[in-house]
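Everything on this sheet refers to the single structure shown next.
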Amino acid sequence: MKKADTLRELPGRFIALCTAAFALCLLAASVSALRGVSAKNALGLALSLAAFALAAFSAYLAARRLPERALPALVVLAALLVRAPFALLPDAEQVSDFALLYDSAASLAGGDASALSGEYFLHWGYQVPFVLYEALAIRLGGGVGALRVLNLLWTAGASGLVYLFARKFAGPRAGFAAGLLYAVYPGALILAGVLTNQHISLFFCLLGMWLIVEHGPFAEGGTPVSRALYGAAAGLSLSLAGLMRPESVLALASAVVTAAVLLIARRVSFRRLILPLAAVFAAYFALNAAASAAVSASGIAPGGIGNSRPEWKFVIGLDTESGGTYSEANEYILDIADDAERREAAGESIRASLEGCDDLAGFFWGKLEGLWGSQEDLSFVAGGLPMESALVIAERAAFLLAAALAALSCVAALRRRAGAAELMGMCMVSAAFVCYLFIEIQPRYRYGTVPFIFILAAGAARLRYGHRGEKRV
């Protein structure tokens, strides 16, 4: 490779290097958080780690004897079978914000929208679209059971998309191993019965990103019109994901960074890229604007569907006393009506917190342990889960394996050109890693990033086995 070509590839390799470092940090934080674990749990962790590694390797080998067309269906079927008992638990009750959202949806389905005028939705209007989704399901004759079935379908579909995404750059065999491992990932099992907006949002985020790399702006084939149409479909999907839970903006940012890397490396022309990428953004913002206008016109949510307290996540996330987790200490900030005064109070709170901390490095490391290294929070699952102690240990084992393989995959990407799908996956992991250093953390908040760790893990197969994956356009 010529020197000029090598220099043009530096941005892509820099992203791979950063993601490898971040994945190693996730791995180290997870191992560090295990200090003091009992001998019994340590043995369970080791056995679970070996079992997941063997399962992934067996799936990789089995994929060569299976029809490639059947692989995504097998991943989805596995997810349905494994997650159904957890998603459809008859005794599980919704708690905390999940109960509030469901009760509001049930009232709305019955014709009473007064809950949406309450303080909660005036502050956190971005929850309104999810309440409307739940209300629609209830209105059509469903209830908690129907919403859990939908959860099951969203999560199973997400597993299939993990396979499709990983196959794009790692080949069908490694993609099948990654998809199957994610299908049985215990962290997703634990949350399967919880009526959280994370399930539907994750599905549409993965779908939108897959459309971008497979048929839209970064597609290897297609016509300008078809790429633009698929780009618009991807934008609608990402917008729907964002309306359910405002995280898909990370996917948009990842698409922009990936486009920049490809343009700098001269692997795609600006003329080929601009129309479908513009279609993604146009569709995304058009649906957001339409949804906002529709809610405003209906009058059911006086606060709209925005976030009127955006600084709150940073106040909590940079609270060195609570370790970046929820605390009532600064709730007075929420009651300040004037935006400028509230932002000033938030800034003062953050400055006081950081200046009063004797060990900032320890604080941020503690946040890494709290988000990526801690066990799943079972308090959201009322009534308990089957084999919950074993599930918690198995979740840690699966995460450790995926993080280690993802780090190896990113190291492998340093030696060659990563394609668009791999770059977008790396950008998503890196963006989440950086963002959660500054905002509130809970163990369940890693749910939207874990699939991309499994996707990147598929690339580790290239360290030993060849594959036929995506072209390095």
Side-chain angles (χ1 to χ4, degrees), residues 1 5-20 22-23 68 72 161-179 205-222 226-227 230-231 234 250-270 272-274 276-277 280 405-431 451-473:
M1 184 181 292
D5 293 334
T6 302
L7 291 175
R8 284 194 288 266
E9 295 295 338
L10 282 180
R13 287 186 167 85
F14 176 74
I15 291 173
L17 179 63
C18 289
T19 311
F22 294 154
E68 186 175 333
L161 287 165
V162 167
Y163 161 76
L164 292 173
F165 215 105
R167 182 192 67 176
K168 183 68 180 170
F169 68 91
R173 294 166 64 188
F176 182 63
C205 185
L206 282 167
L207 177 61
M209 292 180 68
W210 178 72
L211 287 173
I212 286 174
V213 299
E214 183 68 22
H215 300 292
F218 304 141
E220 296 156 9
S226 71
R227 290 194 300 274
Y230 276 112
L250 297 182
L252 288 180
S254 297
V256 170
V257 172
T258 298
V261 169
L262 297 179
L263 287 170
I264 292 171
R266 297 184 181 177
R267 287 191 257 162
V268 65
S269 68
F270 181 81
R272 177 186 175 88
L273 196 59
I274 185 60
L277 194 59
V280 172
L405 292 176
L408 287 173
S409 174
C410 293
V411 170
L414 293 172
R415 304 188 302 178
R416 41 123 193 97
R417 299 192 306 177
E422 192 172 11
L423 283 168
M424 285 196 73
M426 290 190 289
C427 287
M428 286 294 287
V429 172
S430 297
F452 297 98
I453 296 175
F454 279 81
I455 286 168
L456 292 179
R462 289 170 302 198
L463 294 174
R464 172 63 181 85
Y465 299 95
H467 79 285
R468 293 180 65 185
E470 100 185 292
K471 293 178 182 178
R472 309 299 168 199
V473 296

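Not measured: the values here are computed from a predicted model. The residues of the chain are indexed from 1 along the displayed sequence.
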Can you say whether the rings of His215 and Tyr230 are parallel (under 30°), tilted (30 to 60°) or perpendicular (over 60°)? parallel
Taking side chain as C-beta onward, heavy atoms only, is Val257 less than 4.5 Å from Leu423? no
Arg267 side chain near Val261 side chain, heavy-atom distance below 4.5 Å: yes
For Leu250, is there any backbone N or O sitting under 3.5 Å from a side-chain donor or acceptor partner on Ser254? yes
Between the side chains of Arg417 and Glu422, is the shortest nitrogen-to-carboxylate-oxygen separation below 4.0 Å, so that they form an ion pair? no
Minimum side-chain heavy-atom gap Thr19-Leu456 below 4.5 Å: yes
Provide the closest heavy-atom pair for Leu263 versus Ser269 in the form atom of the first, atom of the second, distance. CD2-C, 3.8 Å
Would you say that Phe218 contacts Lys168 through its side chain, given a criterion of any heavy-atom pair below 4.5 Å between the two side chains? no
Closest non-hydrogen atom pair, Gly208 against Ala234: O-CB, 3.4 Å
Intermediate values then yes/no, side chain to side chain contact (heavy atoms under 4.5 Å, CB included), Leu164 and Glu214: CA-CA 9 Å; Leu164 292 173; Glu214 183 68 22; over 6 Å; no
Identify the heavy atoms of Ala16 and Met426 that sit nearest to each other, and give their distance. CA-SD, 3.6 Å
Give a yes or no on whether the backbone of Pro217 and the side-chain of Arg227 come within a donor-acceptor separation of less than 3.5 Å. no
